[in-house]
Amino acid sequence: MIHASVVQWCAVLFLLSSQRSVVAQPMPQPDLLFVVVEDEQGRPMRGAFAEDASTKHLYQRSGVRHWSVSVRFTLSAAHPYGPEQPGDKVYWTRNGTPLRAGLRTHRLFHFIDCWCTDVVIEVVRGEERMLIDLPHDPAERWAVLQPMWSRSTAYATPEVFVFRPGRFTYAELANDPACDRLEARLARRHATDMDQQYRDAQWQRQMQALDVYFGADQGRVTPE
């Protein structure tokens with residue numbers, strides 16, 4: 001269960017990173033977005049979705065088939081806020097947001113830049129676990145963002161990952177051509193709300209900055 005202090009801390013991080021504060025990372029880190037599907041046909045994950053630890057525990061006790069998504073990471077030396085300290089291990093459950101694709105509804109997950117290292121996404125269904133290592137190096141992150149950038153230069157669109165047990169890197173899953181058609185379809189579906197225009201503009205600025213940086217000097221990585 002995510003405690004209130006952690007939720008508040010996450011909100012502060014998001015606002016500060018959006019405003020490019022003096023303590024932000026030297027390189028822009030646009031959000032990573034993804035959807036998990038049952039198979040290459042893009043079917044939604046089977047079973048009830050457990051949005052938090054208590055719901056997951058309830059489903060387990062009741063014998064309800066379910067799945068969940070969480071993230072764990074280590075706070076980096078640049079982490080500026082307490083009570084957590086650099087080096088602390090953090091675990092969050094992820095709720096995701098509904099995303100329609102025709103008659104099907106998926107869950108869209110995203111991960112923001114939050115002064116962290118060793119980031120691992122964990123997708124669990126029953127006894128099966130899918131672990132996804134997220135990139136931390138700016139050049140690696142830019143490499144996995146380029147397919148998203150090519151699908152739409154106006155706003156962020158998700159990668160689609162087929163659920164399967166094992167451990168994978170975000171890059172190898174993002175480069176899997178199995179779900180290219182679904183990714184292209186989802187790229188044409190854009191949610192709108194009061195804050196969407198601001199988020200889109202912020203994402204464009206961050207991606208353009210990375211495009212200029214790595215396009216002008218490929219292979220160089222800004223020191224941490």
> Rest of the hydrophobic cluster containing Val120 (Ile/Leu/Val/Met/Phe/Trp/Tyr, side-chain heavy atoms under 4.5 Å)?
Replying inline: Leu131
> Okay, side chain of Glu172, backbone of Thr169: is any donor-acceptor separation there less than 3.5 Å?
Replying inline: yes
>> Would the distance check show the side chain of Asn175 and the main-chain N or O of Ala171 forming a donor-acceptor pair, the cut-off being under 3.5 Å?
In response: yes
Are any of the side-chain heavy atoms of [X] and [Y] separated by less than 4.5 Å?
{"X": "Glu159", "Y": "Tyr170", "answer": "yes"}
{"X": "His66", "Y": "Lys56", "answer": "yes"}
{"X": "Ser68", "Y": "Thr55", "answer": "no"}
{"X": "Arg72", "Y": "Lys89", "answer": "no"}
{"X": "Val90", "Y": "Thr74", "answer": "no"}
{"X": "Arg167", "Y": "Arg129", "answer": "no"}
{"X": "Ile132", "Y": "Phe161", "answer": "yes"}

Does [X] share a hydrophobic cluster with [Y], counting links as ILVMFWY side-chain heavy atoms below 4.5 Å and allowing steps through other members?
{"X": "Leu173", "Y": "Leu108", "value": "yes"}
{"X": "Phe168", "Y": "Val124", "value": "no"}
{"X": "Tyr59", "Y": "Phe163", "value": "no"}

Pairwise distance [atom1]([X]) to [atom2]([Y]) - rounded to 0.5 angstrom:
{"X": "Leu186", "Y": "His106", "atom1": "CG", "atom2": "NE2", "result": "6.0 Å"}
{"X": "Thr157", "Y": "Arg185", "atom1": "OG1", "atom2": "CZ", "result": "13.5 Å"}
{"X": "Arg104", "Y": "Leu99", "atom1": "CZ", "atom2": "CG", "result": "13.0 Å"}
{"X": "Leu210", "Y": "Leu145", "atom1": "CG", "atom2": "CG", "result": "7.0 Å"}
{"X": "Ile121", "Y": "Arg94", "atom1": "CD1", "atom2": "CZ", "result": "7.0 Å"}
{"X": "Gln41", "Y": "Cys179", "atom1": "CD", "atom2": "SG", "result": "9.0 Å"}

> Under a 4.0 Å N-O cut-off, is there an ion pair linking Arg107 with Glu51?
Replying inline: yes
Heavy atoms only: give me the nearest [X]-[Y] pair and the separation to one decimal.
{"X": "Gly42", "Y": "Leu182", "result": "CA-CD2, 3.8 Å"}
{"X": "Pro147", "Y": "Ala143", "result": "CD-O, 3.5 Å"}
{"X": "Val69", "Y": "Phe49", "result": "N-CE1, 4.0 Å"}
{"X": "Pro86", "Y": "Ser76", "result": "CB-O, 3.4 Å"}

> Do Asp133 and Val119 pass the side-chain contact (heavy atoms from CB on, under 4.5 Å) test, and can you show the C-alpha distance, the side-chain angles, and the key distance before you say yes or no?
Replying inline: CA-CA 6 Å; Asp133 292 293; Val119 183; over 6 Å; no
>> Quick one, Glu38 with Arg125, criterion side-chain contact (heavy atoms from CB on, under 4.5 Å). Give me CA distance, side-chain angles, the key distance, then yes/no.
In response: CA-CA 11 Å; Glu38 185 71 34; Arg125 185 175 62 191; 2.6 Å; yes
> Take atom CZ in Arg61; do more than 12 heavy atoms of anything else shown fall under 6.0 Å from it?
Replying inline: no
> More than 12 foreign heavy atoms under 6.0 Å from CZ of Arg100: is that the case here?
Replying inline: yes
> Which word best sums up how the rings of Phe34 and Phe109 line up, parallel for under 30°, tilted for 30 to 60°, or perpendicular for over 60°?
Replying inline: parallel
> Do Phe73 and Trp92 make the cut of ring centroids closer than 6.0 angstrom?
Replying inline: yes
> Under the side-chain contact (heavy atoms from CB on, under 4.5 Å) criterion, do Trp142 and Glu140 qualify, and how do the steps go?
Replying inline: CA-CA 5 Å; Trp142 170 235; Glu140 293 179 359; over 6 Å; no
>> Applying side-chain contact (heavy atoms from CB on, under 4.5 Å) to Arg43 and Val37, what does each step give before you reach the verdict?
In response: CA-CA 6 Å; Arg43 296 185 179 91; Val37 297; over 6 Å; no
>> Pairing donors with acceptors under 3.5 angstrom, does anything connect the side chains of Arg205 and Gln208?
In response: no
